[in-house]
Number of protein chains: 2
Amino acid sequence: MTRRAETIELAVLGLLHEGPMHGYELRKRLNLMLGWGRVLSYGSLYPTLKKMLRTGLIEEAELGSVRPSRRPRITYQLTDDGHHRFEHLMTEVGPTAWEDETFGVRFAFFGRTDMESRLRVLEGRRSRLQERLHRVQADLARTQKEVDRYAAELQRHGVESVEREVDWLSRLIDAERRGGQPGPVDGAHLPAGTPDGGPPDRT
Amino acid sequence: MTRRAETIELAVLGLLHEGPMHGYELRKRLNLMLGWGRVLSYGSLYPTLKKMLRTGLIEEAELGSVRPSRRPRITYQLTDDGHHRFEHLMTEVGPTAWEDETFGVRFAFFGRTDMESRLRVLEGRRSRLQERLHRVQADLARTQKEVDRYAAELQRHGVESVEREVDWLSRLIDAERRGGQPGPVDGAHLPAGTPDGGPPDRT
DNA sequence: CACGGATATATCAATACGATACGTCGTGTG
DNA sequence: CACACGACGTATCGTATTGATATATCCGTG
């Protein structure tokens, strides 16, 4: 499976923890979740959903109170296999876990995995960015001859952005380490868990 | 032509202003130029070069002193049409000019266009980002019910990044305006301009 | 009630990617 | 020296991804 497809799969599995959802809604949530310009296209999402249905990671949800006149919408929910798959993907973090595309999704679901996995991903990502930084600076040292003013400014801004993300990660790692269980980020909200008292999804 | 292809074309045209280059080198320069994770793939570059050759934007450069044993490498240079095309693309800025992909390339070549075009692109990009910001915040207001702590932190960080880019753009716009012709950006850093109170923007 | 816009699923041609093949060169190493 | 190995350099191709579009229902508003 390609990187992209795997990311979508992970995202769907993660989101469905909040309760049954249909394609359109998954797409909206996802596009919002990662401030993204890059949006998730239907041409990617729907085929993925079908494949996941085929491989038994998700299933169509029974929805009792659907009004019969209502346009059919296919609401999906996790199967046990789906739960396991999610847990597996979140725990068995390989070196691909901290690439640009995947990292955001993984991070968004950190609340559903253990601290050890979180730290591994955060540190992996930080190394990745630092390495990128070093490479750019090395290249820059060699190519510095006569750089255009604007080109240089673009470089500077790029490097600065990455450095800031590194700082952000460092703060998170630090919080993770000292916070242990409870509160890594000064967050305003409590750990979600499954919101079982939660919203009746019925219309 | 699709957005991506147009971006590559612009990038090639811009780079070739520095002198003749061959594909491999263009790729390296390009990948460096935009701190990019997204790299330019051969599968995109070489076909684009051939198309540009066909449409007469570039031509093979005569290279006198090539050692005969040397593996053939195709060095390209701009034609007059290429120069015109570049100027046209940089000047006739439409609303597509400040999308994520294109903006970086355009910015890198700002030195080769006039202040008016620069300002239009910078302001366009800023509006684009602000609009994105507003949308996200609106969405956030509606969806804020029970947000997971990590998901929220990801949001926060995303918004913050965009806000910082907006600030960056504002500083650049400011510098452009007050700098007029000569030196909008300083060699190393930009004036940390607070908009109005502004004592000299000199570093 | 008619209109437009949000909701919702689905498909498909066009395009971009990334892996790989092929070959040359420079460099270090036993 | 000979050999391997990584950087240089062009080229192609199957496949994944996109983006646009078709279809259809629901709902709020003048």
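By convention in this document, chain letters (A, B, ...) are assigned in the order of the sequence lines, proteins followed by strands, and residues within each chain are numbered from 1.
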For residues 39-61 of chain B, the ring-ring contact (aromatic ring centres under 6.0 Å, His included) pairs (sequence neighbours left out) are B:Tyr42-B:Tyr46
A:Glu101 CD to C:dC17 P: how many Å, rounded?
-> 11 Å
In whole angstroms, how far is the P atom of D:dT23 from the OH atom of A:Tyr24?
-> 19 Å
Provide, to the nearest angstrom, the distance between the CD1 atom belonging to B:Ile8 and the P atom belonging to C:dA16.
-> 7 Å
Whole-Å distance, B:His22 NE2 to C:dC25 P, equals 14 Å
From CG of B:Asn31 across to P of C:dG18 the rounded distance in Å is 11 Å
Is A:Gly43 touching bases, backbone alone, or none of the nucleic acid, heavy atoms closer than 4.0 Å?
-> base
Would you call A:Glu87 and A:Arg112 a salt bridge, using N to O less than 4.0 angstrom?
-> no
Rounded interatomic separation in angstrom, taking CG from A:Asp100 and P from C:dC17 | 14 Å
Smallest separation among heavy atoms of A:Thr102 and A:Thr96, with atom names = OG1-O, 3.6 Å
More 5' along DNA chain D: A:Ala5 or A:Tyr42, using each one's nearest nucleotide?
-> A:Ala5
With the side chain of B:Arg4 defined as its heavy atoms from C-beta on, choose the nearest nucleotide among C:dT9, D:dT10, C:dA16.
-> C:dA16
pair A:Ile58-A:Asp81: side-chain heavy atoms closer than 4.5 Å = no
Got a salt bridge between A:Arg177 and A:Glu123, using NZ or NE/NH1/NH2 to carboxylate O under 4.0 Å?
-> yes
d(CG, A:Leu49; P, C:dT11) in whole Å = 13 Å
If you pin B:Lys28 and B:Pro47 to their nearest nucleotides in DNA chain D, which one's is more 5'?
-> B:Lys28
Distance test, side-chain N/O of B:Ser41 to OP1/OP2 of C:dG18, below 4.0 Å = no
Nearest-Å distance for atom pair CD/C1', residues A:Glu6 and C:dG18 | 16 Å
Closer than 4.0 Å, any side-chain N/O of B:Lys50 to the OP1 or OP2 of D:dT12?
-> yes
Does a nitrogen or oxygen in the side chain of B:Tyr46 sit under 4.0 Å from OP1 or OP2 of D:dA11?
-> no
